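Reading through the structure tokens given below for one structure.
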Amino acid sequence: MKMAECIRTVYLTLMLLYLVLLGTAHSTYPRIRLSHKELWQLNRTWVFQGHGTASLQPQTMLLDEGHGRLYVGAKNTLFSLSLDRVNTQHREIQWASTESQNEECLMKGREKSECANYIKVLQQYNQTHLLVCGTGAFNPTCALVRMGHTGQDRTFALEEDSIMSGRGRCPYDYNSPSTSTLSRGELYIGLYTDYWENDGAFCRLNNQTYTRTERDDKQQLNEPKFVGSAVIPDNDDRDDDKVYFFFTEREMDSEGGNKAMFTRVGRVCANDQGGQRMLVNRWSSFLKTRLICSVAGPNGIDTHFDELEDVFVLNNKDGKNPEIFGLFSTTSAVFQGFAVCVYHMDDIRAAFNGPFAYREKPEHHWTAYEDRVPYPRPGSCASKVNGGGFSSSKEFPDEVLRFVRSHPVMYRPVFPHRGRPVLLQTETGGRKLTQIAVDRVQAQDGQYHVLYIGTALSCWNSVTLFSSLLDDSVVLKVITIYNKDTDTMEEVLLEELQVFKVPAPIREIIISPKRQRLYVGSEAGVAQVALHQCDLYGSECADCCLARDPYCAWDGLTCTRYYPAGIYTKSRRFRRQDVRHGNAVQLCNGLQIEDEQWQRAEERLVYGVESNSTLLECVPRSLQATVLWFLQKDGEKHEVRGDERVIVTSHGLLFLRVRSSDAAVYVCQTVEHGYVHTLLRVSLRVLSGERVESAIHQADDGEAAKSALPCPSFMGPPPDPSVSPKARGPSAVSGPHSRLWYKEFLQLIGYGDAQRVEEYCERVWCSDKKRKKGKRKYSPPSGERRGKGRGEENSHRAPRHTADT
Ligand SMILES: *[C@@H]1O[C@H](CO)[C@@H](O)[C@H](O)[C@H]1NC(C)=O
Ligand SMILES: *[C@@H]1O[C@H](CO)[C@@H](O)[C@H](O)[C@H]1NC(C)=O
Ligand SMILES: *[C@@H]1O[C@H](CO)[C@@H](O)[C@H](O)[C@H]1NC(C)=O
Ligand SMILES: *[C@@H]1O[C@H](CO)[C@@H](O)[C@H](O)[C@H]1NC(C)=O
């Protein structure tokens, strides 16, 4: 008895705590929250966890769509995983640091965990080989790896004779920020090139030259943290291709004091050969400018998000005008927040084509440089598009090189598209946003960007302690909708996916639009997750429309993947989808009259014991729906608002001490975007305590007991405290009527003599013969018109139960 009481108390307490936390920690609810277990059961995710007990610690991942593989650079190991099923048929190369490397590393005073080969650089070198670099226990090393996809050659192996020093190509420390990209056989990399991390540089390596930023030039780079990089062509002249890289750095000041962090975009010409007499093996085209991501404050002071966390380059068809998504955080002392800003190449190019920044002395303000600028324009490439007067940067006049060396900063910053973030998270409840990937999706009412954002728990917030009990690192799936009339952005949080069983900061997200999957990396492993699972939103038109998921539409029968017209030549039926407004009332009402069979609300019978607590559970699948409870008595319907005895929780209606006068029919309705949905009708019966007691003791006399106690077959299964209640849909609550549940019920309401309960069940309720007799015989309730305003009277029909008394 003690035990049951205890479990119940803990459950209720946790539940209330959960409700309180949810209410404060998150400003916006995802429409659907899926736990790892659910994702697993739905076959929506597969996780590769390496082997043995060693944690995988993936550092970098590379997608190879052509060969259907995902390469994962981890600690001492390089994995090749199948894109179709990451946890089957993996191949691996063990590439640990050597014994002598490890000893040397420990001698330098490093931790044992640091003295390993963490693979940080992973690029496709050519059709048959990967370029792989690891920290080599603070002794960076690179090698080529045969992918083993061609002809007879199926070996995934390191080319032993290709092992070379990784100095200048790979950081020493696995925690050191770096970015790399490989284009036309040349590796571009932003990293700290030295052990002590003094020399932050952006470099290019090929088999002949090593070109880099100037050493110790704080004007070029000042304590950079490299985040991302990409080669983006300007036009069809490949000699005009530029390499862009994204980083944060400290603002320069005269005293070298601690100044603010800024986010920058830098660029160089891909064909930059450096200068002939000066800037030898140095970039002759290095320029940078500031990336702004800010929101206007109430007092006219903007809040800037200056720390770049991650960058995603969303390519377009010709590759010349990708959209750049930056995930930013702010480090302000009073406020922690995250924002996503989108930049267009037009705006980035315009900033680089604009005036150079100039200041006479470091303590002066920056102004636009207005004097004559030498020719060819500093920062331009030696290309035909630029007149073809120079075949290489080595021919540029000294004056040009001198200018670019002393004026690497552009005057104009780059502002985000529409001047503000597309996504803003200021109440993240101790969650950090760490990674971003974006998919472009064509819906019926336009094109949408679906943002996938990886999170981590941060420790700065006291809420974290509690919320870590309940929340894990997750992937958020979000769309943002711009409203032209009001000039505002609407964020729609479609799904929250807990892809890993244990909370682990998400370190990588790679998207495969071709396979419609995400590949997510964390210490807990590498997970593949399907981008969408439309049928999950529900089995009705309204469920599908209200979801506002651009991947999904109602096809008349189910919620399925939406393909824009033309993809399938056979014309499909009219698809119902309204991402912009989610107007299910308009889209689905017509259907409801036809398909009334869809609209039956579930009916349930719940027993409470007088003076005990009772929960009428009703959890809509959508966390964005508002739940309303109505009491239906004597043909009238009143909203239940709750008081000190009856509490409206997001799990359902909680009676702290149920009274016999509470017995009635309770209706659980949801309202979402003006759409009213009756989920459930619960008939509450209240038993007096003595009746339960005496029934138990009369167990020997089966007939008498039956009249005293309800037939168990009317009851739904109990709440399962091991499943996150938020995660359970209403459908998950009903189910087969089980004897076990009945036993639990009796224990929960306070009758703790397990053996007596067992006997009681066996004798009275659980014989086949009796069960047949007692099976329920009520007819399905009539379909109810949906989409009506709330408060409008429905034709009620109290659930009819036929007890075998
Ligand atoms: C998941 O896959 C298993 C085996 O392939 C199958 O038995 C099961 O029905 C699937 N579950 C769902 C929800 O599709
Ligand atoms: C890729 O590079 C390696 C090393 O230089 C070379 O052995 C191999 O033949 C190259 N593969 C192709 C397809 O060029
Ligand atoms: C490497 O060097 C060889 C010989 O100088 C040259 O033919 C080849 O094009 C170079 N490869 C790259 C990728 O630059
Ligand atoms: C629940 O009901 C039982 C049986 O009547 C009673 O003994 C017990 O005290 C009640 N529990 C609470 C918490 O009221």
Side-chain angles (χ1 to χ4, degrees), residues 32-48 62 64-69 71 78 80 82-89 93 95 121-134 141-166 169-170 180-188 204-210 495 497-499 501 515-517 527-539 543-544 547 549 551-552 557-561 621 723-724 727-736:
I32 286 191
R33 179 177 284 149
L34 292 171
S35 68
H36 176 73
K37 195 173 163 190
E38 286 170 296
L39 285 169
W40 180 257
Q41 285 166 349
L42 292 162
N43 294 341
R44 182 150 169 206
T45 191
W46 301 101
V47 181
F48 173 71
L62 178 69
D64 182 356
E65 293 261 35
H67 296 121
R69 305 303 287 184
Y71 302 104
L78 175 69
S80 166
S82 157
L83 285 182
D84 292 323
R85 191 70 73 83
V86 289
N87 56 339
T88 59
Q89 297 184 331
I93 294 171
W95 188 26
V121 176
L122 191 51
Q123 296 291 341
Q124 184 141 6
Y125 181 69
N126 62 18
Q127 300 228 300
T128 52
H129 286 75
L130 298 170
L131 173 68
V132 185
C133 301
T141 315
C142 293
L144 292 176
V145 163
R146 239 182 307 157
M147 295 187 271
H149 298 306
T150 42
Q152 307 294 346
D153 185 5
R154 295 265 156 213
T155 8
F156 180 56
L158 196 89
E159 302 277 17
E160 292 292 340
D161 58 359
S162 72
I163 294 179
M164 57 198 137
S165 163
R169 307 165 186 220
C170 181
S180 63
T181 185
L182 197 133
S183 165
R184 291 195 271 174
E186 306 191 311
L187 178 72
Y188 298 87
R204 181 191 59 208
L205 297 95
N206 55 29
N207 59 3
Q208 287 160 321
T209 61
Y210 186 74
E495 292 186 290
L497 311 171
Q498 189 206 327
V499 293
K501 208 170 180 173
R515 288 181 163 77
Q516 296 278 292
R517 281 194 197 120
Q528 84 180 52
V529 193
L531 298 184
H532 42 78
Q533 194 158 14
C534 298
D535 56 0
L536 207 64
Y537 289 120
S539 54
D543 296 326
C544 196
D549 188 327
Y551 293 108
C552 303
L557 291 173
T558 49
C559 193
T560 50
R561 176 81 167 97
R621 180 95 236 175
V723 179
S724 153
R728 270 181 285 130
S731 54
V733 174
S734 67

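Note that this is a predicted model, so its numbers are computed, not measured. Remember, it's 1-based here, ligands and their atoms both numbered in the order they're listed.
Close approach of ligand 2 to T128 (heavy-atom distance below 4.0 Å) involves ligand atoms 1 (C), 8 (C), 10 (C), 11 (N), 12 (C), 13 (C). Set against the non-hydrogen atoms of L144, the atoms of ligand 2 under 4.0 Å away are 4 (C). Close contacts between ligand 2 and N126 involve ligand atoms 1 (C), 2 (O), 3 (C), 8 (C), 10 (C), 11 (N), 12 (C), 14 (O) [criterion: under 4.0 Å to a heavy atom].
Regarding atom 13 (C) of ligand 1, its nearest protein heavy-atom neighbour is Q41 O, 3.5 Å. In this structure, atom 9 (O) of ligand 1 lies nearest to the protein heavy atom N43 ND2, 4.8 Å.
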With side chain to side chain donor-acceptor pair (under 3.5 Å) as the criterion, how do S180 and Q123 come out once you've worked through the C-alpha distance, each side chain's angles and the decisive distance to 0.1 Å? CA-CA 8 Å; S180 63; Q123 296 291 341; 2.9 Å; yes

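Classification of the W46-W40 ring pair by plane angle, with boundaries at 30° and 60°, yields perpendicular.
At a distance under 4.0 Å, a protein heavy atom can be found next to atom 2 (O) of ligand 2. There is no protein heavy atom closer than 4.0 angstrom to atom 7 (O) of ligand 1. The presence of a protein heavy atom under 4.0 Å from atom 11 (N) of ligand 1 is confirmed.
Distances between N or O atoms of Q127 and those of ligand 2 include no value under 3.5 Å. Note: no N/O pair closer than 3.5 Å links Y125 and ligand 2 by distance alone.
Judged purely by atom type and a 3.5 angstrom limit, R69 has no side-chain atom pairing as donor or acceptor with the backbone of D64. A donor-acceptor pair is defined here as one N or O able to donate and one able to accept, closer than 3.5 Å; such a pair exists between the side chain of Q533 and the backbone of L42.
Side-chain atoms of N126 and T128 include a donor-acceptor pair closer than 3.5 Å. A side-chain donor-acceptor contact under 3.5 Å links Q516 and R561.
Here the CG-CZ distance, from L497 to R33, works out to 11.0 Å after rounding to the nearest 0.5 Å.
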